[in-house]
Structure formats: C-alpha cells, structure tokens
Asks: 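Before I ask anything, here is the structure I am working with.
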There are 2 protein chains.
Amino acid sequence: MTPSPVRRRLPPAERREEILKAATELIAASGFKGVTLEAFAAACGMTKAGLLHHFRSREELLIAVLERRDTLDLASVADTLEPAPDAAVARAVMSGFVRRNLAQRSLVQLYTVLSAEALDPAHPAHVYFRTRLSEGRAMLECYLLAWHPRPGQAAVDLLAFLDGLQLNWLRDGGIDFLAQWEAFADRFFAA
Amino acid sequence: MTPSPVRRRLPPAERREEILKAATELIAASGFKGVTLEAFAAACGMTKAGLLHHFRSREELLIAVLERRDTLDLASVADTLEPAPDAAVARAVMSGFVRRNLAQRSLVQLYTVLSAEALDPAHPAHVYFRTRLSEGRAMLECYLLAWHPRPGQAAVDLLAFLDGLQLNWLRDGGIDFLAQWEAFADRFFAA
DNA sequence: TAAGTTATCTACCGTTTGGTAGATAGCGCT
DNA sequence: AGCGCTATCTACCAAACGGTAGATAACTTA
C-alpha cells in the first residue's frame with residue numbers, strides 16, 4: 001500500500017526488535033484482534049510480506065511479543081528476588097512492579113487487553129495466560145506461607161487488587177496508581 | 001450458508017430479545033471483535049440479512065446488548081437501594097452484585113472482555129464504559145462519605161478489588177468468588 | 001569489482017467480512 | 001378466501017484480511 005520512499009534494510013535482530021516494539025504498542029492500543037498484519041508492518045515502514053519474512057505468521061508474532069515482555073519483566077526484578085522468600089520481599093517485588101508499570105502504561109494495557117481477549121479458549125494466547133497466572137499465584141503464595149494464616153486467600157487478594165487497580169488506572173488516568181497501592185499495602189501487610 | 005430447514009417468523013420484540021441474549025453469550029466468549037454478523041445470526045437460526053432487519057448495523061447491536069444489561073442490572077438492585085445511603089448499604093449492594101454475578105458468569109465475562117477492548121478510544125463502546133464507570137464510582141463514593149475519612153480512595157479500593165477478583169475468577173474457576181469477597185469485605189468494613 | 005546471500009518489495013490469490021437489493025412467505029385483518 | 005404488511009431469505013458486492021510466489025535490491029566477502 002505504502003509506496004516505499006526508501007528501502008531500509010536492517011540486520012534481522014534489529015528488525016525483529018523494531019517490529020516487536022511497534023507491535024507491542026499497537027496491540028496495547030487495540031488488542032490483537034484489532035490489528036492487521038499490514039498495520040504491524042506499516043508501523044515499521046515496511047510491507048506485510050517483508051514482516052512475514054521475520055515472523056512466519058501473525059500468530060507467531062503475537063507469541064514473540066509475549067515472550068519478549070516476559071524476558072524484560074523477569075530481568076527487571078531479578079535483583080529484588082535475591083533474599084529468602086518472605087512477606088516483606090513479596091511486598092517489595094509487588095511495589096517494584098507497580099513503579100515499573102507506572103512508567104510503561106502501554107505495556108500494562110497490552111497485558112490487560114490481551115489477557116481479557118485470551119479468556120476465550122480458542123485464542124492463540126489462552127494457554128499462555130493460564131499457565132503464567134497460576135505460576136505467579138503459586139510463587140506469591142509461597143512467599144506468604146510463613147506469615148499469613150491463609151496464604152492462598154491472601155495471594156488471591158493481592159493479585160486481584162493489583163489487577164483491578166491497574167484496570168481502573170487504565171480506564172481513568174486520574175487515579176493515583178502508586179499512592180493507592182501503597183495505602184492498600186500498608187493496611188494489608190500490617191495485619 | 002445454513003440451508004434453512006424452517007422459516008421461523010417471530011414478533012419483533014421476541015426476536016430482538018432472542019438476538020440480544022444470544023449475542024451476549026457470543027460476545028462474552030470471544031469479545032465483540034471476535035464475533036461476526038453471520039455468527040450472531042446463526043445463533044438464532046437466521047441469516048445476516050434477517051438480523052440486520054432488527055439492528056441496522058453490527059455496532060447498533062452491540063450498543064443494544066450493553067443497554068439491555070444495564071437495564072437488567074439496575075432492576076435487580078432497585079430494592080436494595082431504598083434506605084438512606086451509608087456504608088452498610090454500599091456493602092449490601094456490592095454483595096448483591098457478587099451473588100448475582102456468581103450465577104451469570106457469561107455476563108461477567110461479557111463485561112470484562114468488552115471493557116478491556118473498549119480501552120481503545122476508537123472502540124464503539126469506549127465512551128459508554130468511561131461514563132458508566134465514573135458514575136459508578138461517584139455513587140459509591142457518596143455512600144462512603146459519612147463513614148470513611150478518604151471516601152474517594154476507599155471507593156477506588158473497593159471497585160479495584162471487585163474488578164480484579166472477577167477477572168481472576170474468570171481466568172481460574174477454582175477461585176471461591178463469594179468467600180473471597182466476603183472475607184475481604186469483613187476486613188474492609190470493620191476499620 | 002563480481003558473486004552470493006537475503007531482506008524487502010510488487011502482485012496476486014482465496015476467503016471472510018459488513019452491508020444492500022430484491023424476491024418470498026408467514027401472519028393479522030376484513 | 002383474499003389482501004397487505006413485514007419478517008425473513010437468497011444472491012450479490014466491494015473492501016479487507018492472512019498468506020504465497022517470484023522479482024529486486026542492499027549489504028558481505030573474496
């Protein structure tokens with residue numbers, strides 16, 4: 001469609017990274033179902049065919065986007081996880097997530113939109129989200145084990161509140177994400 | 001596509017209701033972007049053209065689905081709202097919602113999926129959700145006004161937790177939605 | 001500079017999509 | 001029974017979609 005003014009040729013690694021970054025933004029804005037191959041390509045100044053040279057299908061692109069986010073996310077909290085797992089560490093990790101997400105609204109929106117879409121068992125990312133979330137809860141539960149009488153319930157409480165707060169923050173930017181979380185955590189971890 | 005075995009002719013009111021119920025189920029399962037006109041029609045044993053006789057466009061159908069849910073929802077809590085607004089009433093209303101939603105998983109999923117899709121300003125239901133949610137929070141805040149020192153923050157806390165809990169319940173049916181909510185509310189409304 | 005590799009493009013295909021036009025048939029009324 | 005209304009259908013369209021095939025051009029290396 002776009003009559004290419006210039007033909008930029010990039011090494012595969014760079015091009016892949018460029019595509020993944022752009023795709024992340026687009027999916028965050030409109031969901032996976034809401035973005036076409038051509039839109040993904042155009043955002044990098046190339047054509048569908050060019051993009052499909054790097055990702056064999058639209059679906060493969062989605063999975064690459066998710067895996068990239070996982071990698072970046074884990075790397076960012078790696079150092080916080082060093083001490084022995086206990087409730088204080090759990091709070092620190094979660095506060096870290098909050099602070100990080102504050103600065104990356106579009107990434108948060110990507111996850112929110114996609115994880116809702118993926119409630120449909122037929123969605124390409126359905127199993128991805130199921131496994132990822134149950135792993136997350138299990139890890140958190142393990143952190144709360146020695147501190148809370150019902151660690152399972154507490155883990156669900158925390159994740160539910162965080163998910164819901166993110167969602168409402170996306171819907172209404174007027175919410176003070178960080179302050180709201182810290183106030184809640186103060187009460188929660190005081191008991 | 002479907003070689004109609006019989007031609008059912010219904011009065012418009014009945015047919016509209018049938019279509020809206022079916023559409024609600026389908027959107028809950030796959031989102032609005034995930035369902036085609038033909039799928040909506042086929043679920044009622046008719047063709048696209050037949051459906052478009054009752055709703056002028058796909059988008060108009062979506063809006064009708066949302067408005068119908070609003071109507072049913074408001075009617076179901078109308079009697080709980082009678083007493084003067086205070087914190088106890090707020091909790092009663094919210095508990096009512098939880099109990100009701102427990103029995104209508106697909107409706108909850110409809111709202112969850114749609115409200116995530118509608119984060120995109122270009123989505124046909126974007127403004128609908130923005131206004132609806134801010135109204136809801138304002139109403140809740142008003143209920144908490146005389147009881148909580150920071151009613152605004154408290155309202156956000158409650159809605160965030162409820163939204164997040166619903167979301168996690170949809171993702172993992174193993175969660176005891178009601179018990180989890182009641183335990184949280186006990187703590188929240190004790191302070 | 002010449003050859004080889006491959007990232008990118010143009011052009012196309014088959015399918016699906018939302019929507020329209022006009023024919024058909026079920027129902028209420030007299 | 002016969003007429004009118006309209007809910008529904010069949011047939012169609014233009015646009016958009018994901019993906020493929022083969023041509024082209026930008027780098028690398030000798």
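The sequence lines fix the lettering, A, B, ..., with proteins before strands; numbering per chain opens at 1.
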Asks: Considering only side-chain heavy atoms of A:Thr36, which listed nucleotide, D:dC17, C:dG18, D:dC9, is closest?
Replies: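 So the nucleotide nearest the side chain must be D:dC17.
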
Asks: Looking at C:dG26, C:dA7, D:dT8, which one has an atom nearest to any side-chain atom of A:Pro12?
Replies: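 The closest nucleotide is C:dA7.
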
Asks: For A:Lys33 and C:dT16, give me the distance from atom NZ to atom P, rounded to whole Å.
Replies: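 That distance rounds to 17 Å.
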
Asks: Please state how far atom CD1 in A:Ile19 lies from atom C1' in C:dT8, giving the value in whole angstrom units.
Replies: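 Rounded to the whole Å, the gap is 11 Å.
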
Asks: Side chains of A:Tyr128 and A:Asp70: donor-acceptor distance under 3.5 Å anywhere?
Replies: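 Note: A:Tyr128 and A:Asp70 side chains meet the donor-acceptor criterion.
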
Asks: Rounding to an integer number of Å, can you tell me how far B:Glu59 CD sits from C:dT17 P?
Replies: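 Spelled out: CD on B:Glu59 to P on C:dT17 is 18 Å.
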
Asks: Determine the sole option in B:Phe161, B:Trp169, B:Phe97 for which the ring-ring contact (aromatic ring centres under 6.0 Å, His included) test with B:Phe177 is passed.
Replies: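 For B:Phe177, the ring-ring contact (aromatic ring centres under 6.0 Å, His included) check succeeds only for B:Trp169.
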
Asks: Whole Å only: how far is the CG atom of B:Leu51 from the C1' atom of D:dT10?
Replies: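 One finds 16 Å between C1' of D:dT10 and CG of B:Leu51, rounded.
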
Asks: Base, sugar-phosphate alone, or nothing: which one does B:Arg58 contact when heavy atoms must sit under 4.0 Å apart?
Replies: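 Counting heavy atoms under 4.0 Å across all strands, the contact made by B:Arg58 is with sugar-phosphate only.
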
Asks: Report yes if a side-chain nitrogen or oxygen of B:Arg7 is closer than 4.0 Å to either non-bridging phosphate oxygen (OP1 or OP2) of D:dT8; otherwise report no.
Replies: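 The answer is no; no side-chain N or O of B:Arg7 sits under 4.0 Å from OP1 or OP2.
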
Asks: By the 4.0 Å heavy-atom rule, please label B:Pro11 as base, sugar-phosphate, or nothing.
Replies: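 Since no nucleic acid heavy atom lies under 4.0 Å of B:Pro11, the category is nothing.
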
Asks: Is the ring pair A:Phe188/A:Trp147 parallel, tilted or perpendicular, if the boundaries are 30 and 60 degrees?
Replies: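 Answer is tilted, since the angle falls between 30° and 60°.
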
Asks: Carefully, step by step, assess A:Phe129 and A:Leu114 under the rule side chain to side chain contact (heavy atoms under 4.5 Å, CB included).
Replies: CA-CA 9 Å; A:Phe129 278 101; A:Leu114 257 186; 3.9 Å; yes

Asks: Round to the nearest Å and state the distance from A:Lys48 atom NZ to D:dA16 atom C1'.
Replies: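 From A:Lys48 NZ to D:dA16 C1': 9 Å.
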
Asks: Considering every strand and a 4.0 Å limit on heavy-atom distances, what is the contact class for B:Leu10: base, sugar-phosphate, or nothing?
Replies: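 Since only primed, P, OP1 and OP2 atoms lie under 4.0 Å of B:Leu10, the category is sugar-phosphate.
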
Asks: Does a side-chain N or O from B:Thr47 land closer than 4.0 Å to OP1 or OP2 of D:dC9, or not?
Replies: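 Yes, because at least one side-chain N or O of B:Thr47 sits under 4.0 Å from OP1 or OP2 of D:dC9.
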
Asks: In whole Å, what is the span from the CE atom of B:Met46 to the C1' atom of D:dT6?
Replies: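 The distance from CE of B:Met46 to C1' of D:dT6 comes to 12 Å, rounded to the nearest Å.
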
Asks: Ignoring backbone atoms, establish whether B:His53 has a side-chain N or O less than 4.0 Å from OP1 or OP2 of D:dT8.
Replies: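 Result: no.
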
Asks: Give a yes/no answer on whether the side chain of A:Arg15 brings an N or O atom under 4.0 Å of OP1 or OP2 in C:dT8.
Replies: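 Yes.
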
Asks: Let me know the distance between CG of A:Leu37 and P of C:dC9, rounded to the nearest Å.
Replies: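 Taking CG of A:Leu37 and P of C:dC9, I get 14 Å after rounding.
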
Asks: Assign the ring pair A:Phe184 / A:Trp181 to parallel, tilted or perpendicular, where the plane angle (0 to 90°) is split at 30° and 60°.
Replies: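 Because their plane-to-plane angle lies in the 30° to 60° range, the rings of A:Phe184 and A:Trp181 count as tilted.
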
Asks: Which nucleotide, D:dT10, D:dA7, D:dT20, lies nearest any side-chain atom of A:Ala49?
Replies: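 Selected nucleotide: D:dT20.
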
Asks: For the side chain of B:Arg9, counting heavy atoms from C-beta on, which of D:dG19, C:dA25, C:dT10 is nearest?
Replies: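 Among D:dG19, C:dA25, C:dT10, the one nearest the side chain of B:Arg9 is C:dA25.
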
Asks: To the nearest Å, give me how far apart CD (B:Glu14) and P (C:dG26) are.
Replies: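 To the nearest whole Å, that distance equals 17 Å.
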
Asks: OP1 or OP2 of D:dT8 sitting under 4.0 Å from any side-chain N/O of B:His54?
Replies: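 So the side chain of B:His54 is within the cut-off, an N or O lying under 4.0 Å from OP1 or OP2 of D:dT8.
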
Asks: Looking at A:Glu18 and A:Arg15, does any basic side-chain N land under 4.0 Å from a carboxylate oxygen?
Replies: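 Salt bridge: yes.
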
Asks: Looking at every strand, decide which applies to B:Leu52 at a 4.0 Å heavy-atom threshold: base, sugar-phosphate, or nothing.
Replies: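 Base contact - B:Leu52 has a heavy atom under 4.0 Å of at least one base atom.
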
